[in-house]
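Notes follow the structure.
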Amino acid sequence: MSELGTMPMDAGDARRSEIPLRQAAYESIENLLKDGELRPGQIVSQRELVKRTGLTLGAVREAVPRLEAEGLLLTVPQRGLMVPSLDIAFVRDAYELRRVLEMSAIPAAVERMPDAAIEELIEWHRGLRARIERGGSAEAALAADALQKRDWSMHEGFVAMTGNRLMSNIFRVTAIKIRMAVQSRIQVTPYNALRVIDEHLAILEPLARRDAKAMAAGLTRHIDNSLTIALGGTV
């Protein structure tokens, strides 16, 4: 082995090698929040997060300031970290920001989103609708996770069409807060699965026609219904 190969890493190299672990810790904690494994109002220690993520204490400690800055965790002195409680103001603020971001993205989505991507989304939703109509509650339950994931990836895709990375990152964080707000209030049934699919199609079909006005109307209805559910109502 050469002399160069036996030299220790300098501080800069060591820090660069730690960045992937810090990012992995951030993403693991983000997933715990999105999946409801960390609940609103829950207190959790950094060491518990180490156990849940399977990552190092150093990586978790480095990820926490970013989660705090984004409003996804709060430090409670001498107690640990708290998942924010979902009061009405928290929920309304998250939805208002979501509305601003998605409505602002409509012109870019209408102009730039590829025809093939839109058609794939439409066909996927139509196919899922047909399966639920045939299979009822059992098929709706099986489809729930896929529909939820497709829901957020679709909306993120609209915002991504702006090409503005800051907007995309803000939307990603806002979406986590909204998922925290609605996940405990959603019971998957054939009715609400079909309702969400139809709401999505009322956004996607105008998008395929490059009709910004009709797309905005469909998106408004979809966001309004989601907000109603997040606040404990029914649609």
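No experiment lies behind these values; they were computed from the predicted model shown.
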Main-chain N/O of [Y] paired with [X] side-chain donor or acceptor, under 3.5 Å:
X	Y	answer
Asn192	Arg195	no
Asp151	Leu147	no
Asp211	Lys213	yes
Thr53	Leu55	yes

State the [atom1]-[atom2] distance between [X] and [Y], to the nearest 0.5 angstrom.
X	Y	atom1	atom2	result
Leu32	Gln42	CG	CD	9.5 Å
Ser226	Leu231	OG	CG	9.5 Å
Leu194	Glu199	CG	CD	11.5 Å

Quick one: are [X] and [Y] in side-chain contact, heavy atoms under 4.5 Å?
X	Y	value
Leu207	Phe158	yes
Arg52	Ile29	no
Arg92	Leu227	yes
Glu30	Ile176	yes
Val235	Ile229	yes
Leu38	Leu49	yes
Arg61	Gln46	yes
Gln23	Glu62	no

Determine whether Arg129 and Asp198 satisfy the following criterion, salt bridge (charged side-chain N to carboxylate O under 4.0 Å, His left out), listing intermediate values before the conclusion. CA-CA 9 Å; Arg129 192 182 209 292; Asp198 287 345; 2.8 Å; yes
Between Lys177 and Asp93, is a side-chain contact (heavy atoms from CB on, under 4.5 Å) present by the stated rule, with each step listed? CA-CA 10 Å; Lys177 295 176 180 178; Asp93 287 350; over 6 Å; no
Mind checking what makes ring-ring contact (aromatic ring centres under 6.0 Å, His included) contact with His125, not counting sequence neighbours? His200
Out of curiosity, does [Y] fall in the hydrophobic cluster containing [X] (side-chain heavy atoms, cut-off under 4.5 Å, transitive links)?
X	Y	value
Leu166	Leu72	yes
Ile88	Val83	yes
Tyr95	Met103	yes
Val64	Leu57	yes
Leu73	Met82	no

Closer than 4.0 angstrom, basic N to acidic O: yes or no for [X] and [Y]?
X	Y	value
Lys51	Glu48	no
Glu70	Arg172	yes
Glu205	Arg209	no
Asp224	Arg99	yes

Grab the two heavy atoms, one from Pro77 and one from Thr75, that are nearest each other, plus how far apart they are. CD-O, 3.7 Å
What pairs of donor and acceptor atoms, side-chain ones from residues 106-121 against any protein atom, are under 3.5 angstrom apart with sequence neighbours left out?
unit_1: Arg112; atom_1: NH1; unit_2: Met161; atom_2: O; d: 2.8
unit_1: Arg112; atom_1: NH1; unit_2: Thr162; atom_2: O; d: 3.3
unit_1: Asp115; atom_1: OD1; unit_2: Arg210; atom_2: NH2; d: 2.5
unit_1: Glu120; atom_1: OE1; unit_2: Arg150; atom_2: NH1; d: 3.1
unit_1: Glu120; atom_1: OE2; unit_2: Arg150; atom_2: NH1; d: 3.4

For a side-chain contact (heavy atoms from CB on, under 4.5 Å) with Arg98, tell me which candidate from Ile170, Val159, Ile178 qualifies. Ile178
Steps toward side-chain contact (heavy atoms from CB on, under 4.5 Å) verdict (Leu81, Ile43): CA-CA 5 Å; Leu81 299 163; Ile43 299 288; over 6 Å; no
Mind running side-chain contact (heavy atoms from CB on, under 4.5 Å) on Leu201 and Ile197 for me, showing each step along the way? CA-CA 6 Å; Leu201 288 172; Ile197 290 170; 4.1 Å; yes
side-chain contact (heavy atoms from CB on, under 4.5 Å) between Lys34 and Trp152, intermediate numbers included: CA-CA 11 Å; Lys34 289 192 295 188; Trp152 286 114; over 6 Å; no
Counting neighbours of CZ on Arg126 that are heavy atoms of other residues, nucleotides or ligands and sit closer than 6.0 Å, is the number greater than 12? yes
Residues two or more places apart in sequence or in another chain: which of them pass side chain to side chain contact (heavy atoms under 4.5 Å, CB included) with Val100? Glu96, Ser104
